[in-house]
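Here is the structure we will look at.
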Number of protein chains: 2
Amino acid sequence: MGKLPSLKNLSYLLALHQQQNFNRAAAACNVSQSTLSSGIQNLEEQLGCQLIERDHKSFLFTAIGEEIVEQARNIITSTEELVHYAKGHGNILEGPVRLGIIPTIAPFVVGALSKRVQQNYPKLSLQLAEDTTNNLLNALRDGDLDILLLALPMDIQGNQKWTLGRDPFKLVAHKSIADKLGEPVDYDMLPDGSIFLLEKEHCLTGHAVSACQLTDTVKVNPFTATSLHSLVQMADARGGATFMSQMAIDHGILDNTDLIPLKPSGQEASRDIGLVYRATTSRRQTFRKIAEEIATLLPINTLS
Amino acid sequence: MGKLPSLKNLSYLLALHQQQNFNRAAAACNVSQSTLSSGIQNLEEQLGCQLIERDHKSFLFTAIGEEIVEQARNIITSTEELVHYAKGHGNILEGPVRLGIIPTIAPFVVGALSKRVQQNYPKLSLQLAEDTTNNLLNALRDGDLDILLLALPMDIQGNQKWTLGRDPFKLVAHKSIADKLGEPVDYDMLPDGSIFLLEKEHCLTGHAVSACQLTDTVKVNPFTATSLHSLVQMADARGGATFMSQMAIDHGILDNTDLIPLKPSGQEASRDIGLVYRATTSRRQTFRKIAEEIATLLPINTLS
DNA sequence: AAATTTTAATCCGATTTACCGATTATCATA
DNA sequence: TATGATAATCGGTAAATCGGATTAAAATTT
């Protein structure tokens, strides 16, 4: 059995990969540049292969170097989890948990969730981050976040998930056109350009469109909103319609508007809400507890 | 972020857990006893918790100590895999792969499999071990084996699996009673005590009995065999019957006997064959290649 | 009961390693 | 040509790791 590389050197490699610069990486590790440099060389020697290509000024990670970084990340985060577990004396329900949530879910769960967690697991400190699905998945991979609350179906890469529940879609329409639409809604009765959607980055757009089998793109207004709240405002002001999640409606997003929720057509007009975590985590039990808390807050709880 | 424990100390802990003795553990690690002792103390200090209870002569792992061992094992094997990967310069199809197989599968695949692997991946060295499902799962957990070829369904604990294919069961009966049984076989026509089975430890027994919906235990002969080959010999000599996997029959296990394969009753008279691996492995791709090789050797290939 | 053996912890000196600061080499840019 | 940025190298120092000897406590043998 050959000697194993040190975790320290592996963490130097990770920092270097993140910073793409020896000085900044060294600073991030609180060591000198020379230490980090020789650490990397040391690593290459031990592993018997070149991790970075030096071209006398800058450098590039080799293909195998990238792969090694990936594996090293797992090792480091696993070890951090071990330390965290030990420091908490085996009490898995204490310490920080970093939860990322997409913007079309966050506003409707963070309040109640942090209250419940605070109450049921007072030693657990839930740290929240709001971002798009892609950014959240990157942060999960890098170990910057522990769990993600996402809308499914979604490519969650090498990660694992629990499906917590379902969030039905409603078509909400201005009262001036609502009574012509029927239930389930006949999209043909909508004026052209009367449907407002979120910008494409938000997966709710795609989920709603496919779940509700909306095919006639002429109905869609090209002006897109960046948040559910402004979406509602726009549909209300312009006398149009939009898709809205039940969760948002339950939280009063339609209050003080003239929008009316209607049953959309399409067989299963809803999105699944799932909690995603690294396959390699050792804190599955902790995250499961949080999953249970979140599930109770969803319109339809399907956590088994 | 607190300092991470060293891999060396973690490996000391693993050795101690395996050997349950400081001197032997130290020897296994090629260090002195004092080094290992202080390594463990060091670890306890860094982790801020007691890993072993000393009662002045011997010692015991604490509950949390056991948990830490579990996590440390993952970390160490992950790192070994990283080294292996690097040493092979990213060529995942070289180096040793340790495969465990249960006794009711092994004789019928090892020959062809090692030949195929030798031919298609000459740098891959396949090391085989034959044992019961439970022992194999323990060896997988301890990092002594990399992949297991098992019969499913089966509780594979925290591990992951691919289902490679299906192995149908036949009821094989002595020619003196075969023609009375019909096809699919009517178990009522079997004389009491004429069905021979493997001893309980072999999961084929349970799988066959449940798959073929054999409920009348009076038919079963209480004398049980320890291998498929002796099972066949017994059923042949005593003019009885037994369940036999298609794979075994294909490999001529009934040659030179008076046993005849018949279609058993029961809706899905077969067992699934699966390849099991640690969820935390980083050699999934390598194992997948081997999975594909094995699947081609099974009576029914269902690997997707 | 005494002596021996086994086991883990402790102490201490020697070696090795890790680290930093300073310097150098190389290239890009002003 | 001078300046700045970057990564590698070098040499000295501080820190850690390690092993042998010893100790302490208990089990085993005599």
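Side chains are part of it too, since the values below use all heavy atoms of this structure and drop only hydrogens, waters and symmetry mates. Labels below follow one simple rule: chain letters A, B, ... track the order of the sequence lines, proteins then strands, and each chain is numbered from 1.
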Determine the interplanar angle of the B:Trp162 and B:Tyr277 rings, folded into 0 to 90°, and report it as parallel if under 30°, tilted if 30 to 60°, perpendicular if over 60°. tilted
Does the pair B:Lys289 and B:Glu293 meet the rule for a salt bridge (charged side-chain N to carboxylate O under 4.0 Å, His left out), with working shown? CA-CA 6 Å; B:Lys289 292 289 183 193; B:Glu293 294 299 326; over 6 Å; no
At less than 4.0 Å, is any side-chain N or O atom of A:Tyr12 found next to OP1 or OP2 of C:dC19? Yes or no. yes
Kindly say if A:Lys8 contacts the phosphate of C:dT17, meaning a side-chain N or O under 4.0 Å from OP1 or OP2. no
Short side-chain donor-acceptor distance under 3.5 Å, B:Gln50 and B:Thr62: no
Flag for B:Ser78-A:Asn74: side-chain donor and acceptor within less than 3.5 Å: no
[X] [atom1] to [N] [atom2]: how many Å, rounded?
X       : N      : atom1 : atom2 : value
B:Ile52 : C:dT7  : CD1   : P     : 15 Å
A:Asn30 : C:dC20 : CG    : C1'   : 14 Å
B:Leu10 : D:dT17 : CG    : P     : 13 Å
A:Ile40 : D:dT9  : CD1   : C1'   : 16 Å
B:Leu7  : C:dT17 : CG    : C1'   : 16 Å
A:Glu44 : D:dA7  : CD    : P     : 14 Å
A:Arg54 : D:dT9  : CZ    : P     : 8 Å
A:Leu43 : D:dA7  : CG    : P     : 17 Å

By nearest atom, which of the nucleotides [options] is closest to the [X] side chain?
X       : options               : answer
A:Asn42 : D:dC18, C:dA9, C:dA18 : C:dA18
B:Phe59 : C:dA8, D:dA7, D:dC18  : C:dA8
B:Ser34 : D:dC10, C:dA9, D:dG19 : D:dG19
B:Gln33 : C:dA9, D:dG19, C:dA18 : C:dA9

Less than 3.5 Å between a donor and an acceptor, one on the side chain of B:Ser32 and one on the base of D:dG20, is that the case here? no
Looking at every strand, decide which applies to B:Asn9 at a 4.0 Å heavy-atom threshold: base, sugar-phosphate, or nothing. nothing
Which residues, if any, of residues 14-25 of chain A bring a heavy atom under 4.0 Å of DNA chain C? none
